[in-house]
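Everything below concerns the one structure shown next.
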2 protein chains.
Amino acid sequence: MGAGVPNADQRLDARDLAILELVQRNADWSHGEIGRQIGLSVSAVNDRIRRMVAAKVIRGWTADLDPGALGLHLLAFVNVLIDRAELIPAFAERIAAYPEVQECHHLAGDWNYILKVRVPTTAALENFISCELKEKLKVSRTATTIVLRSLKDSPALPIMNGGAAR
Amino acid sequence: MGAGVPNADQRLDARDLAILELVQRNADWSHGEIGRQIGLSVSAVNDRIRRMVAAKVIRGWTADLDPGALGLHLLAFVNVLIDRAELIPAFAERIAAYPEVQECHHLAGDWNYILKVRVPTTAALENFISCELKEKLKVSRTATTIVLRSLKDSPALPIMNGGAAR
DNA sequence: ACTGAAATCAGTAGTAG
DNA sequence: CTACTACTGATTTCAGT
């Protein structure tokens, strides 16, 4: 056990990719339904999904929720700059714990990080930036961009041959 | 049938929110397991989930895939500027169809859109920006930021009381 | 609106071809 | 891999509180 080599010798063939394409959008379909779509038996679909879960190609199963229905009416991208290098480890360790931070990416460029932040209101955003980022996490500067409308916001990945495929 | 009022009179109580908190991370748990966590019977959990699916609070069920395992080794944010206003509708209509574009948000600020783009290589990114964005979609200017490392990249939404809750 | 039991259906494991 | 079996366990329905 343990986390030796991450994805040792998994090879994904065209059928695996077809399964992934389906389950990343319709995880509630039965294995029979998936098999019918791609011409595979229930057992074959079952085997392949279990292997891909074991290989961590499939990391888990999630429900896709509507942000608006949960009162999360504001989406913003916040660029973060931290002047003093010694403050970066503490930021990196603590930022992921904020539920309103959906994403945090370390960047190559003018800014240290970009955050994707979901909150109910501008007041909540202001509180997050002022109290959490600047006061507690000692962020030097931020640049916030408000999203007016999301044309696409999907966790689905592009799946094509030529990736880690055979 | 039809899409009249989106979320008519759904009221989410604390138990609904507890269920959502669980299923957005562990959609594979049985209703019995969920019920045990929050002190509810299997049927009650089933009822509430079915109601939330019907009310479109839960939009669907997805598999969470590992981008690296699919050969998607590059993540970038691409800011997009379109000078001539008459070119924007065509862009907005066609951008969502690109699988490598995971997100596309219309912005308030200096840029028209921000894109979250996943590709295997820098060559694929260059091809996407030059051929697709600039040539085909007539984008005037782009500013691309490469992600070095993702500290957090989760579809999970922050769930707290005070949203659309009772 | 929840519980608990009964019925239906899906996932799993094994066999054989 | 398919096809078929049997089994386990989950989902769904339904009557009752």
Side-chain angles (χ1 to χ4, degrees), chain A residues 1 7-66 69-71 159 161 163-166, chain B residues 1 7-66 69-70 159 161-166:
Chain A
M1 51 165 152
N7 299 317
D9 59 310
Q10 99 267 16
R11 276 167 218 192
L12 303 172
D13 63 15
R15 283 159 162 178
D16 288 320
L17 297 179
I19 290 172
L20 293 175
E21 183 66 65
L22 288 174
V23 295
Q24 78 170 339
R25 283 175 223 276
N26 309 100
D28 56 330
W29 286 11
S30 73
H31 294 176
E33 212 156 353
I34 294 165
R36 215 171 307 122
Q37 297 280 332
I38 62 175
L40 228 50
S41 72
V42 175
S43 337
V45 172
N46 198 358
D47 277 0
R48 284 167 178 272
I49 289 180
R50 289 205 319 138
R51 256 182 285 138
M52 290 192 286
V53 170
K56 305 274 181 70
V57 177
I58 298 173
R59 295 187 295 200
W61 307 92
T62 65
D64 172 34
L65 309 183
D66 178 6
L70 288 159
I159 293 176
N161 293 26
R166 163 168 53 96
Chain B
M1 49 167 149
N7 299 314
D9 61 311
Q10 101 267 17
R11 274 165 218 195
L12 302 173
D13 64 15
R15 284 162 163 175
D16 288 320
L17 297 178
I19 290 171
L20 293 175
E21 183 67 66
L22 289 174
V23 296
Q24 79 170 338
R25 283 174 223 278
N26 309 99
D28 55 329
W29 286 12
S30 73
H31 295 174
E33 211 156 355
I34 293 165
R36 217 170 305 124
Q37 299 277 334
I38 62 176
L40 227 49
S41 71
V42 176
S43 340
V45 173
N46 195 7
D47 275 1
R48 283 169 178 271
I49 289 179
R50 286 204 325 137
R51 255 181 288 139
M52 290 192 285
V53 169
K56 305 275 182 70
V57 177
I58 299 173
R59 295 187 294 200
W61 306 93
T62 66
D64 172 33
L65 309 184
D66 178 7
L70 288 160
I159 293 176
N161 292 26
R166 160 174 60 92

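Letters A, B, ... are given to chains in the order of the sequence lines, protein chains preceding strands, and every chain is numbered from 1. Note that this is a predicted model, so its numbers are computed, not measured.
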I want to check something: taking the side chain as every heavy atom from C-beta on, are L40(B) and I34(B) in contact at a cut-off of under 4.5 Å?
no
DNA chain D-proximal residues of residues 23-47 of chain A, any heavy atom under 4.0 Å
G39(A), L40(A), S41(A), S43(A), A44(A)
Would you say that M52(B) contacts L12(B) through its side chain, given a criterion of any heavy-atom pair below 4.5 Å between the two side chains?
yes
A quick test of your reading: do over 12 heavy atoms of other residues, nucleotides or ligands sit less than 6.0 Å from CZ of R50(B)?
no
Can you measure R48(A) atom CZ to dT12(C) atom P for me and round it to whole angstrom units?
16 Å
Boundaries of the chain A footprint along DNA chain D (any atom under 4.0 Å from a heavy atom):
dC1(D) to dC4(D)
side-chain contact (heavy atoms from CB on, under 4.5 Å) assessment of L20(B) paired with L70(A):
CA-CA 10 Å; L20(B) 293 175; L70(A) 288 159; 3.8 Å; yes
For A27(B) and A63(A), the nearest pair of non-hydrogen atoms, with its separation, is CB-N, 3.9 Å
Counting just side-chain N and O atoms, does R50(A) come under 4.0 Å of either OP1 or OP2 of dA13(C)?
yes
Side-chain contact test, heavy atoms from C-beta onward, threshold under 4.5 Å: evaluate it for D66(A) versus K56(B) and give yes or no.
no
Given the rule in the side-chain contact (heavy atoms from CB on, under 4.5 Å) test, do I58(A) and L65(B) qualify, once you have shown the distances and angles that lead to the verdict?
CA-CA 5 Å; I58(A) 298 173; L65(B) 309 184; 3.7 Å; yes
How does DNA chain C look in dot-bracket notation if pairs are Watson-Crick or G-U with both distances under 3.5 Å, crossing ones as [ ], other-strand ones as |?
||||||.|||.||||||
Considering only heavy atoms from C-beta outward, does the side chain of D13(A) approach that of R48(A) to under 4.5 Å?
yes
